[in-house]
Amino acid sequence: MSRQAETRHPIHDLLRRRWSPRAFDPNRPVEHDKLRSLFEAARWASSSFNAQPWHFLVATREQPEDFQKMLSCLAEKNQQWAKTAPVLIIPVASTNFAHNSKANRHAFHDVGLAVGAMLVQATAMDIYAHQMAGFSAEKAREAYQIPEGFEPVSAIAMGYLGDPSSLPEDLRQRELTPSPRKHIEEFVYGGRWGHTADWVKG
């Protein structure tokens with residue numbers, strides 16, 4: 001199954017093709033060379049002061065004990081479907097600059113940029129990812145002994161597309177229904193807050 005966004009303005013095909021499935025093929029692991037390419041893409045993301053505050057904890061189904069440890073950090077509802085993903089990832093942000101030890105208020109933003117680059121690269125290789133806020137940062141910190149000054153940001157399930165019929169009924173319907181998006185008129189402002197920029201209206 002594939003989904004493409006119905007855009008009102010032209011965007012790159014990789015961005016149109018990206019979406020967040022819950023059904024993954026449990027029998028098709030992500031090749032190690034492709035995993036390396038994914039994190040190479042993340043490596044080249046931009047960041048404040050070039051601090052590169054991203055770190056990634058990664059577990060694959062090829063290592064069942066490690067995989068189960070990361071799976072246990074997810075919310076129970078997410079565990080129901082994420083258990084079939086070949087790869088689980090927890091991005092972690094370094095919250096202080098290395099060069100002066102001051103707080104880096106852009107750390108989460110920059111980790112998001114790195115993950116965004118990874119998702120574009122993944123889509124180019126027909127690999128898909130579902131990012132989750134539904135995970136326990138506290139469990140992740142304890143399970144992986146994450147030190148002070150580093151914050152788990154989110155969780156990601158990644159792999160090749162699977163069969164939506166494998167999902168529970170409520171999730172299956174969400175899998176088959178495109179996610180709505182706000183129009184740019186609703187969030188691109190000019191002159192003052194809440195006032196749509198004139199050029200947006202065309």
Side-chain angles (χ1 to χ4, degrees), residues 1-48 50-61 74 78 81-82 84-93 106-135 153-164 166-167 171-188 197 199-200 202:
M1 188 183 79
S2 63
R3 292 190 346 196
Q4 293 205 17
E6 295 185 7
T7 64
R8 300 175 81 187
H9 308 282
I11 63 174
H12 197 284
D13 185 59
L14 289 176
L15 301 175
R16 292 184 64 231
R17 286 168 46 202
R18 189 216 65 79
W19 63 289
S20 302
R22 292 178 179 82
F24 293 96
D25 186 342
N27 300 313
R28 188 179 177 190
V30 177
E31 300 86 344
H32 291 180
D33 62 329
K34 292 186 178 179
L35 283 175
R36 288 189 286 269
S37 291
L38 291 172
F39 291 103
E40 184 71 12
R43 175 187 175 216
W44 288 100
S46 59
S47 60
S48 177
N50 195 32
Q52 304 166 54
W54 45 77
H55 303 265
F56 297 93
L57 294 163
V58 185
T60 69
R61 285 169 55 87
L74 306 186
N78 287 334
W81 56 266
T84 65
V87 182
L88 295 176
I89 303 169
I90 295 179
V92 178
H106 307 291
F108 274 41
H109 170 273
D110 292 348
V111 170
L113 287 176
V115 171
M118 183 190 301
L119 297 187
V120 172
Q121 180 65 39
T123 305
M125 299 188 295
D126 292 322
I127 296 169
Y128 290 83
H130 190 116
Q131 300 178 80
M132 294 167 271
F135 85 113
V153 177
S154 62
I156 305 170
M158 181 176 286
Y160 293 100
L161 289 178
D163 184 354
S166 65
L167 297 170
L171 296 181
R172 187 183 315 141
Q173 291 303 318
R174 294 173 68 179
E175 193 85 345
L176 300 173
T177 305
S179 300
R181 288 292 190 272
K182 296 178 181 179
H183 297 309
I184 63 174
E185 292 88 343
E186 299 178 66
F187 58 84
V188 179
W199 56 266
V200 170

K.L.:
Counting distance only, does the side-chain N/O of Glu175 pair as donor-acceptor with the main-chain N or O of Arg22 below 3.5 Å?
P.N.:
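Side chain of Glu175 to backbone of Arg22: a pair is present.
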K.L.:
My understanding is that only residues two or more places apart in sequence, or in another chain, count here; which of them pass ring pair (Phe, Tyr, Trp, His ring centres under 6.0 Å) with His130?
P.N.:
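Partners of His130 by the ring pair (Phe, Tyr, Trp, His ring centres under 6.0 Å) criterion, ordered by chain and then number, come out as Trp81.
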K.L.:
Can you name the residues that form a side-chain contact (heavy atoms from CB on, under 4.5 Å) with Arg18, not counting sequence neighbours?
P.N.:
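Listed in chain order: Ser20, Leu119, Thr123, Arg181.
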K.L.:
Between Ala93 and Val111, which heavy-atom pair has the shortest distance, and what is it?
P.N.:
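Minimum heavy-atom separation between Ala93 and Val111: CB-CG2, 3.6 Å.
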K.L.:
Would Trp54 and Leu113 count as a side chain to side chain contact (heavy atoms under 4.5 Å, CB included) if you check the C-alpha gap in whole Å, the side-chain angles of each, and the deciding distance to 0.1 Å?
P.N.:
CA-CA 10 Å; Trp54 45 77; Leu113 287 176; 5.7 Å; no
K.L.:
Which atom names give the shortest non-hydrogen contact between Ala129 and Met158, and what distance separates them?
P.N.:
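Closest approach of Ala129 to Met158, heavy atoms only: CB-CE, 3.8 Å.
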K.L.:
Which heavy-atom pair separates Pro26 from Arg61 by the least distance, and what is that distance?
P.N.:
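Looking at all heavy atoms of both residues, the closest pair is O-NE, 3.6 Å.
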K.L.:
When rounded to the nearest 0.5 angstrom, what distance separates NE2 in His106 from OG in Ser47?
P.N.:
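With rounding to 0.5 Å, NE2 (His106) is 11.0 Å from OG (Ser47).
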K.L.:
In Å and rounded to the nearest 0.5 Å, what is the OH to CZ distance from Tyr160 to Phe24?
P.N.:
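Going from the OH atom of Tyr160 to the CZ atom of Phe24 covers 12.5 Å.
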K.L.:
Search all heavy atoms of Gly159 against all heavy atoms of Val30 and return the closest pair with its distance.
P.N.:
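The answer is CA-CG2, 3.8 Å.
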K.L.:
What residue pairs, at least two apart or across chains, pass salt bridge (charged side-chain N to carboxylate O under 4.0 Å, His left out) with a residue in residues 119-133?
P.N.:
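Every salt bridge (charged side-chain N to carboxylate O under 4.0 Å, His left out) pair that includes a residue of residues 119-133, provided the two are not neighbours, is Arg17-Asp126.
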K.L.:
Could you check Arg8 against Glu185 for salt bridge (Lys or Arg N to Asp or Glu O under 4.0 Å), going step by step and ending with a plain yes or no?
P.N.:
CA-CA 11 Å; Arg8 300 175 81 187; Glu185 292 88 343; 3.5 Å; yes
K.L.:
Does any part of the side chain of Val92, heavy atoms only, come nearer than 4.5 Å to the side chain of Leu57, both counted from C-beta?
P.N.:
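Counting from C-beta outward, Leu57 and Val92 do come under 4.5 Å.
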K.L.:
Quick check for you: to the nearest 0.5 Å, what is the distance between Ile127 atom CD1 and Leu35 atom CG?
P.N.:
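Reported to 0.5 Å precision, the distance equals 7.0 Å.
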K.L.:
Under a 3.5 Å distance rule, please check whether Arg16 uses its side chain to pair with a backbone N or O of Gln4 as donor and acceptor.
P.N.:
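Side chain of Arg16 to backbone of Gln4: no pair is present.
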K.L.:
Looking at every heavy atom in both Leu74 and Ala155, which two are closest together, and how far apart are they?
P.N.:
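That would be CD2-CB, 3.4 Å.
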K.L.:
What closest approach, in Å, do Pro21 and Tyr128 show between heavy atoms, and which atom pair accounts for it?
P.N.:
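Scanning both residues completely, I find the closest heavy atoms to be CG-CB, 3.6 Å.
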K.L.:
Roughly how far apart are Phe135 CZ and Ser154 OG, rounded to 0.5 Å?
P.N.:
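Interatomic distance, Phe135 CZ to Ser154 OG, rounded to 0.5 Å: 6.0 Å.
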K.L.:
Examine distances only and state if a side-chain atom of Asn78 and a backbone atom of Met132 form a donor-acceptor pair shorter than 3.5 Å.
P.N.:
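Checked: no pair found.
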K.L.:
Take Val87 and Val58 through the test side chain to side chain contact (heavy atoms under 4.5 Å, CB included) and record every step on the way to the result.
P.N.:
CA-CA 7 Å; Val87 182; Val58 185; 3.9 Å; yes
K.L.:
If the condition is ring pair (Phe, Tyr, Trp, His ring centres under 6.0 Å), which residues does His183 pass it with, not counting sequence neighbours?
P.N.:
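None.
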K.L.:
With rounding to the nearest 0.5 angstrom, report the CG to CZ distance, Leu161 to Arg28.
P.N.:
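Leu161 CG to Arg28 CZ: 9.5 Å, rounded to 0.5 Å.
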K.L.:
Keeping Ser166 on the side-chain end and Gly162 on the backbone end, is there a donor-acceptor pair under 3.5 Å?
P.N.:
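Checking the backbone N and O of Gly162 against the side chain of Ser166, no donor-acceptor pair under 3.5 Å is found.
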K.L.:
Could you state the interatomic distance from CZ (Arg174) to CG (Leu167), rounded to the nearest 0.5 Å?
P.N.:
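One gets 10.5 Å once the value is rounded to the nearest 0.5 Å.
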K.L.:
Do Gln52 and Asp110 have side chains that get closer than 4.5 Å, going by heavy atoms?
P.N.:
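The answer is no, as the side chains (C-beta and beyond) never meet within the 4.5 Å cut-off.
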K.L.:
Going by salt bridge (charged side-chain N to carboxylate O under 4.0 Å, His left out), name the pairs with one or both residues in residues 38-48, residues two or more places apart or in two chains.
P.N.:
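Residue pairs with at least one partner in residues 38-48: Glu40-Arg43.
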K.L.:
Are the side chains of Leu15 and Val120 in contact, using a 4.5 Å heavy-atom criterion?
P.N.:
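Val120 reaches Leu15 side chain to side chain.
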K.L.:
Name all residues meeting the ring pair (Phe, Tyr, Trp, His ring centres under 6.0 Å) criterion together with Phe39; count only those two or more places apart in sequence or in a different chain, and write none if there are none.
P.N.:
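Phe39 satisfies ring pair (Phe, Tyr, Trp, His ring centres under 6.0 Å) with Phe56 once adjacent residues are dropped.
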K.L.:
Between Gln173 and Leu171, does a side chain to side chain contact (heavy atoms under 4.5 Å, CB included) hold up when you go through it step by step?
P.N.:
CA-CA 5 Å; Gln173 291 303 318; Leu171 296 181; over 6 Å; no
